[in-house]
J.: 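Handing you this structure, nothing more for now.
Note that these values count all heavy atoms, side chains included, but never hydrogens, waters or copies made by symmetry.
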Amino acid sequence: MSNHQNQPREYDAVLGGQNPPPIDAAVLGGISGLKSRLASPVVYIRISALPEAPKYGEAGLDLIIQALQDRIMSVRFAAYLLLKDRDEEKIKQYLRTYNTSDFDVIIEDAYGKENSSSNSFADFFPNIVKRD
């Protein structure tokens with residue numbers, strides 16, 4: 001314990017993010033805490049916050065949709081996986097305009113034996129060629 005009771009400790013939230021929170025640390029709750037975690041510079045924290053978003057209804061779904069625009073592909077993929085099987089018309093309509101495809105990647109050895117597999121996704125852009 002610090003000798004100065006009024007001074008923040010290394011991992012206190014009042015330090016304003018000078019240090020990343022410990023993994024699995026309790027951060028602000030509610031939707032404001034969720035927004036805080038989704039704005040974190042730490043990719044793992046953003047990805048681990050996404051599955052919590054649907055319990056906040058439409059506001060939470062909007063946060064997942066915003067994550068589809070993240071600059072980090074793994075965050076976009078996590079958001080996409082949360083939305084792709086949902087039945088809400090708003091989500092279906094958005095995903096119709098979101099050019100993403102998910103697929104399985106299978107790696108085989110020289111004899112055709114599967115070594116590993118993983119799920120991945122890619123953003124794609126329609127071929128925009130002006131033809132005369």
J.: Atom CG in L61, atom CG in L83: separation rounded to 0.5 Å?
T.: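 Output value for this atom pair is 7.0 Å.
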J.: What is the minimum heavy-atom distance between L34 and A49, and which atoms define it?
T.: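 L34 and A49 have their closest heavy atoms at CD1-O, 3.2 Å.
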J.: Considering all heavy atoms of both residues, which atom of L81 and which atom of K84 are nearest to each other, and what is their separation?
T.: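 Taking L81 first and K84 second, the nearest heavy atoms are CD2-CE, 3.8 Å.
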J.: Got a sec, which residues hit side-chain hydrogen bond (donor to acceptor under 3.5 Å, both in side chains) with K90, two or more places apart in sequence or on another chain?
T.: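 K90: side-chain hydrogen bond (donor to acceptor under 3.5 Å, both in side chains) contacts with E58, D62.
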J.: How long is the span from the OG atom in S118 to the CD1 atom in I107, to the nearest 0.5 Å?
T.: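 Taking OG in S118 and CD1 in I107, the distance rounds to 6.5 Å.
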J.: Using modelled atom types and a 3.5 Å cut-off, is there a donor and acceptor pairing between side-chain atoms of R76 and backbone atoms of Q69?
T.: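 Side chain of R76 to backbone of Q69, a donor-acceptor pair under 3.5 Å: no, none is there.
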J.: From S117 OG over to D104 CG, what is the distance, rounded to the nearest 0.5 angstrom?
T.: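 One finds 6.5 Å between OG of S117 and CG of D104.
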J.: Look only at the side chain of R46 and the backbone of S40, and say whether a donor-acceptor pair between them is shorter than 3.5 Å.
T.: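 Yes, R46 side chain to S40 backbone: donor-acceptor pair under 3.5 Å.
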J.: Which heavy-atom pair separates L82 from P51 by the least distance, and what is that distance?
T.: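 Looking at all heavy atoms of both residues, the closest pair is CD1-N, 3.8 Å.
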J.: In Å, rounded to the nearest 0.5 Å, how long is the span from OH of Y80 to CG of D85?
T.: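 Answer rounded to 0.5 Å: 8.0 Å.
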J.: Under the 3.5 angstrom rule, does the side chain of S48 hit a backbone N or O of Y44 as a donor-acceptor pair?
T.: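 Yes, because the side chain of S48 sits within donor-acceptor range (under 3.5 Å) of the backbone of Y44.
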J.: Where do S74 and I47 land on the side chain to side chain contact (heavy atoms under 4.5 Å, CB included) test, with the steps shown first?
T.: CA-CA 8 Å; S74 57; I47 291 171; 3.6 Å; yes
J.: Nearest 0.5 Å, what's the CD1-CG distance between I45 and L38?
T.: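 Rounded to the nearest 0.5 Å, the CD1-CG separation comes out at 10.5 Å.
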J.: Restricting to non-hydrogen atoms, name the atom on V43 and the atom on V75 that form the minimum distance, rounded to 0.1 Å.
T.: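 In this case the closest contact between V43 and V75 is CG1-CG2, 3.8 Å.
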J.: Would you compute the distance between atom CG of N115 and atom CG of D109 and round it to the nearest 0.5 angstrom?
T.: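 The CG atom of D109 is 5.0 Å from CG of N115, to the nearest 0.5 Å.
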J.: Looking at every heavy atom in both A67 and L50, which two are closest together, and how far apart are they?
T.: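 Here A67 and L50 meet closest at CB-CD2, 3.7 Å.
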